[in-house]
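Numbers for residues simply follow the sequence, beginning at 1.
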Amino acid sequence: MQAECYPISTLPGTTKLFRDFAEGGADHARLLRRWYPHEPFSMEWAKHSPELNVEQTELLADALRAQAIKFGAAEAALANIEKLRNGAAAVVTGQQVALFGGPLLTLLKAATAVRKAQDATIASGREHVPVFWLATEDHDLAEVDQVELLTKQGVEKIKLDLRADQPQPVGGIRVDDGSGALTAALERASELLEWAPVADWLREFYAAPDATLASAFGKLLTRLFAKQGLVVMDASSRALHALGAPVLRKAIERAEELEATLLARSSELVSAGYHAQVNVEAGMSLLFLISENEAGERVRFSLRRGASGEWKAGAKTYTTAELLEILETEPERLSPNALLRAIFQDAILPTGAYIGGPAEVAYFAQSAVVYEKILGRVTPVLPRLSATLLEPAIAQTMAAHEVSLLQVFEAKTAEELAVRLGARAIPIEGKRKIASVGNAMDAELTALTEYMSTMSADLGRAAGVSGNKMRYQMNRLRRMAAAFEVQKEASLKKHATAIMLNVFPDGHLQERLLAGVGFVSRHGDGLVELLVEHAGQECPGHRVITL
């Protein structure tokens with residue numbers, strides 16, 4: 001297996017905040033340490049992982065064991081839960097419970113948690129175990145009710161078209177609504193996965209009686225990382241919410257203070273030239289509440305605070321005392337938003353570090369102030385493995401045409417990449433003539449523009465405009481010659497299309513679009529082991545891994 005390492009700034013759409021966080025440098029270190037107290041590529045954090053009291057550890061381990069058995073966990077995961085019971089720390093990551101496991105980044109996150117837990121155990125001498133937190137309480141059904149698989153013709157989206165008239169936690173939604181959509185989706189996915197073993201797992205977990213998005217996703221992830229002992233956790237239960245209740249209580253009782261702190265932090269980020277991942281507004285809270293709407297349906301509402309101290313969820317109004325009573329008797333009805341979720345999580349788990357993608361890393365820049373106010377510490381956040389996986393045939397095609405990952409990103413489309421391949425295919429004599437004329441013309445136009453500028457500023461500007469038009473026509477001739485080569489050699493277009501489809505499908509990063517199970521179908525259990533191997537710290541940027 002070959003691997004290349006690229007700076008994280010190579011990736012299209014990388015925010016300045018994540019770029020500076022991942023690449024560091026003296027210019028940013030002091031400022032970033034205010035928001036991220038821990039160095040992301042040091043193992044020093046492993047020596048300071050927190051501990052829970054014995055009673056909470058027992059309750060946590062009991063809840064995780066019960067869930068693990070439902071998820072079909074193997075001995076390695078059950079052993080890791082016992083390690084937590086006996087005082088081990090956790091390396092945590094998480095993701096929405098997307099259909100059929102979601103995009104490749106799900107596997108990248110889990111693999112990074114596994115690898116960091118292994119490294120932390122060695123670095124600290126204290127056991128660390130990997131935990132995957134299922135984001136079952138999110139209510140964006142459209143975002144998780146789909147998966148995209150690669151075909152020879154392009155990217156195919158598979159959907160169940162599940163419906164929820166009102167926002168509700170997606171984890172509890174059944175995947176089979178009786179319409180036949182699940183059967184059709186499983187059949188088509190199995191075809192695209194070429195009936196590999198992972199296709200059987202999808203059918204086993206998603207077609208199970210009363211399967212939900214959470215239960216099927218949890219079983220799939222547990223099976224994929226069975227050897228690595230990944231502990232999969234659904235925190236939506238009453239027992240686990242009760243463990244995190246102190247955080248939810250403080251979010252209620254200290255809402256005004258937390259709001260002011262978050263507003264200040266958001267302004268600080270923007271003033272420093274970065275972005276605030278979550279828009280913080282006056283009157284917002286860090287909580288959601290499951291309540292009944294006018295039709296008597298249980299709906300997940302965002303809680304907002306009124307000027308008089310009342311709380312509103314949908315059409316209903318609550319006092320602080322009433323919310324605290326709900327927290328006491330039905331804690332599962334209250335859940336954290338994106339800025340509180342990590343703090344809630346780390347009140348339940350002995351989290352040594354959290355593994356996040358770019359958006360989650362950005363959350364931490366804001367939520368660090370909430371950490372300090374509620375827990376008195378900030379959990380280290382570490383970037384997940386970022387990778388592009390190359391099938392052998394694609395890697396060979398790229399090597400034959402001397403195409404790099406960066407050149408694929410720059411081309412953006414198969415058509416543009418084909419033109420670039422065509423330009424390389426122009427005979428040497430033709431390249432020399434085009435280059436000779438282009439260079440000579442550019443030199444003469446530059447000299448002429450400079451001369452005319454000494455005569456008159458207006459003449460200089462006119463010469464510059466005319467010169468740019470001539471350069472444009474010269475570039476047009478280059479592209480025409482390249483296009484001719486593409487037409488003459490049909491394989492160039494075919495190769496460009498294949499490269500773009502596999503590496504930058506539909507103009508998206510492979511890891512954010514293509515289903516992880518698609519790669520598992522072709523490479524089996526060895527893929528998970530490979531990702532764990534590459535999730536170390538040797539490459540702090542983006543990896544290109546040839547399979």
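Identified under the salt bridge (Lys or Arg N to Asp or Glu O under 4.0 Å) test for residues 108-118, with sequence neighbours left out: K109-E360, R115-D119, R115-E538. Residue pairs meeting the salt bridge (Lys or Arg N to Asp or Glu O under 4.0 Å) criterion with at least one member in residues 528-537, sequence neighbours excluded, are K227-E529. For the side chain to side chain donor-acceptor pair (under 3.5 Å) condition, the pairs that include at least one residue of residues 217-226, sequence neighbours left out, are E204-R223. Under the salt bridge (Lys or Arg N to Asp or Glu O under 4.0 Å) criterion, the residue pairs touching residues 134-147 are D138-R341, with sequence neighbours excluded. Contacts classified as salt bridge (Lys or Arg N to Asp or Glu O under 4.0 Å) and involving residues 386-396 (residues at least two apart or in different chains) are given here: E391-R522.
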Could you check L385 against V532 for side chain to side chain contact (heavy atoms under 4.5 Å, CB included), going step by step and ending with a plain yes or no? CA-CA 9 Å; L385 169 64; V532 171; over 6 Å; no

For the pair V198 and L193, evaluate side chain to side chain contact (heavy atoms under 4.5 Å, CB included) and give the outcome as yes or no after the intermediate values. CA-CA 8 Å; V198 72; L193 297 173; 4.1 Å; yes

Evaluate the ring-ring contact (aromatic ring centres under 6.0 Å, His included) criterion for residues F409 and F504: first the C-alpha distance (whole Å), next the side-chain angles of each, then the deciding distance (0.1 Å), finally the verdict. CA-CA 7 Å; F409 290 157; F504 199 36; 5.0 Å; yes

Go through the steps for Q366 and S266 under the test side-chain hydrogen bond (donor to acceptor under 3.5 Å, both in side chains), then give the verdict. CA-CA 7 Å; Q366 291 176 277; S266 298; 3.0 Å; yes

Show your reasoning for whether side-chain hydrogen bond (donor to acceptor under 3.5 Å, both in side chains) applies to T93 and R384. CA-CA 9 Å; T93 191; R384 66 162 169 81; over 6 Å; no

Between S190 and R203, is a side chain to side chain contact (heavy atoms under 4.5 Å, CB included) present by the stated rule, with each step listed? CA-CA 9 Å; S190 297; R203 302 170 83 84; 3.0 Å; yes

Quick one: do F217 and V144 satisfy side chain to side chain contact (heavy atoms under 4.5 Å, CB included)? Show the steps, please. CA-CA 11 Å; F217 185 100; V144 300; over 6 Å; no

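Annotation: side chain to side chain donor-acceptor pair (under 3.5 Å) contacts of T57 (sequence neighbours excluded): none. A search for side chain to side chain donor-acceptor pair (under 3.5 Å) contacts involving Q146 returns K157, not counting sequence neighbours. The ring pair (Phe, Tyr, Trp, His ring centres under 6.0 Å) check on Y206 picks up F100, with sequence neighbours excluded. Evaluation of the ring pair (Phe, Tyr, Trp, His ring centres under 6.0 Å) rule for H542 yields no partner, not counting sequence neighbours. Every residue was checked against the salt bridge (Lys or Arg N to Asp or Glu O under 4.0 Å) condition with R512, not counting sequence neighbours, and none meets it.
Put simply, the side chain of S42 never gets that close to the backbone of E39: no donor and acceptor are under 3.5 Å apart. Checking side-chain atoms of D506 against main-chain N and O of H508 turns up no donor-acceptor pair under 3.5 Å. Judged by distance alone, the side chain of H241 and the main-chain N or O of L334 form a donor-acceptor pair under 3.5 Å. T388 places no side-chain N or O within 3.5 Å of a backbone atom of V544 that could act as its donor or acceptor partner. When atom types are taken as modelled, the side chain of S285 and the backbone of L303 share a donor-acceptor pair closer than 3.5 angstrom. In this structure a side-chain-to-backbone donor-acceptor pair under 3.5 Å is missing from T136 to D234. Proximity of a side-chain donor or acceptor of H128 to a complementary backbone N or O of T351 within less than 3.5 Å is not detected.
Summarising the local packing, CZ of R85 is surrounded by more than 12 heavy atoms from other residues, nucleotides or ligands at distances under 6.0 Å. No more than 12 heavy atoms of other residues, nucleotides or ligands lie within 6.0 Å of NZ in K47, so this atom counts as exposed by the packing criterion. Shown here is R238, whose CZ atom has more than 12 heavy atoms of other residues, nucleotides or ligands within 6.0 Å.
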N/O donor to acceptor pairs below 3.5 angstrom from side-chain atoms of residues 367-374, sequence neighbours left out:
unit_1 : atom_1 : unit_2 : atom_2 : d
S367   : OG     : Y363   : O      : 3.2
Y371   : OH     : A342   : O      : 3.3
Y371   : OH     : D346   : OD2    : 2.5
K373   : NZ     : E257   : OE2    : 3.3

Taking only distance into account, with no hydrogens and no angle test, what donor-acceptor pairs under 3.5 Å do side-chain atoms of residues 73-80 form with protein atoms, sequence neighbours excluded?
unit_1 : atom_1 : unit_2 : atom_2 : d
N80    : ND2    : G229   : O      : 2.8

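At a threshold of 4.5 Å between non-hydrogen side-chain atoms, the residues M233 and L240 count as touching. Put simply, the side chain of L258 does not reach to within 4.5 Å of the side chain of L340, judged on heavy atoms. Using a 4.5 Å cut-off on side-chain heavy atoms (C-beta onward), L390 and L547 make no contact. Considering only heavy atoms from C-beta on, P383 comes within 4.5 Å of F18 through its side chain. You'll find the side chain of N337 stays beyond 4.5 Å of the side chain of S302, heavy atoms only. Looking at heavy atoms from C-beta onward, T15 lies out of side-chain contact with R19 at the 4.5 angstrom threshold. The side-chain heavy atoms of E511 and P103, taken from C-beta on, include no pair separated by under 4.5 Å. The shortest side-chain heavy-atom distance between T546 and E4 does not fall under the 4.5 Å cut-off.
Under the 30°/60° scheme for interplanar angles, the aromatic rings of Y274 and W35 are found to stand perpendicular. Between W133 and F344, the angle of the ring planes goes over 60°, which puts this pair in the perpendicular group of the 30/60° scheme.
In this structure, a donor-acceptor pair under 3.5 Å is absent between the side chains of E194 and S521. Side-chain N/O atoms of E23 and S9 include a donor and acceptor closer than 3.5 Å. In this structure, a donor-acceptor pair under 3.5 Å is present between the side chains of H275 and Q277. When only modelled atom types and interatomic distance are considered, S49 and R126 share no side-chain donor-acceptor pair under 3.5 Å.
The two residues L84 and P350 have their closest heavy-atom pair at CD2-CG, 4.1 Å. When all heavy atoms are compared, the tightest approach of V270 to A276 is CG2-N, 4.4 Å. When all heavy atoms of P331 and L248 are compared, the pair lying nearest together is O-CD1, 4.4 Å. In plain terms, the two heavy atoms of A120 and A46 that are nearest each other are CB-CB, 3.6 Å. Minimum heavy-atom separation, A113 to V91: O-CG1, 3.8 Å. Heavy-atom minimum distance, L513 versus P505: CD2-O, 3.5 Å.
Each of I348, V131, V231 was compared with V92 under the side chain to side chain contact (heavy atoms under 4.5 Å, CB included) criterion, and only V131 meets it.
Between K250 and E253, none of the side-chain N atoms (NZ, or NE/NH1/NH2) sits under 4.0 Å from a carboxylate O, so this pair counts as no salt bridge.
Note that CG of L289 and CD of E330 are 9.5 Å apart. Values are rounded to the nearest 0.5 Å.
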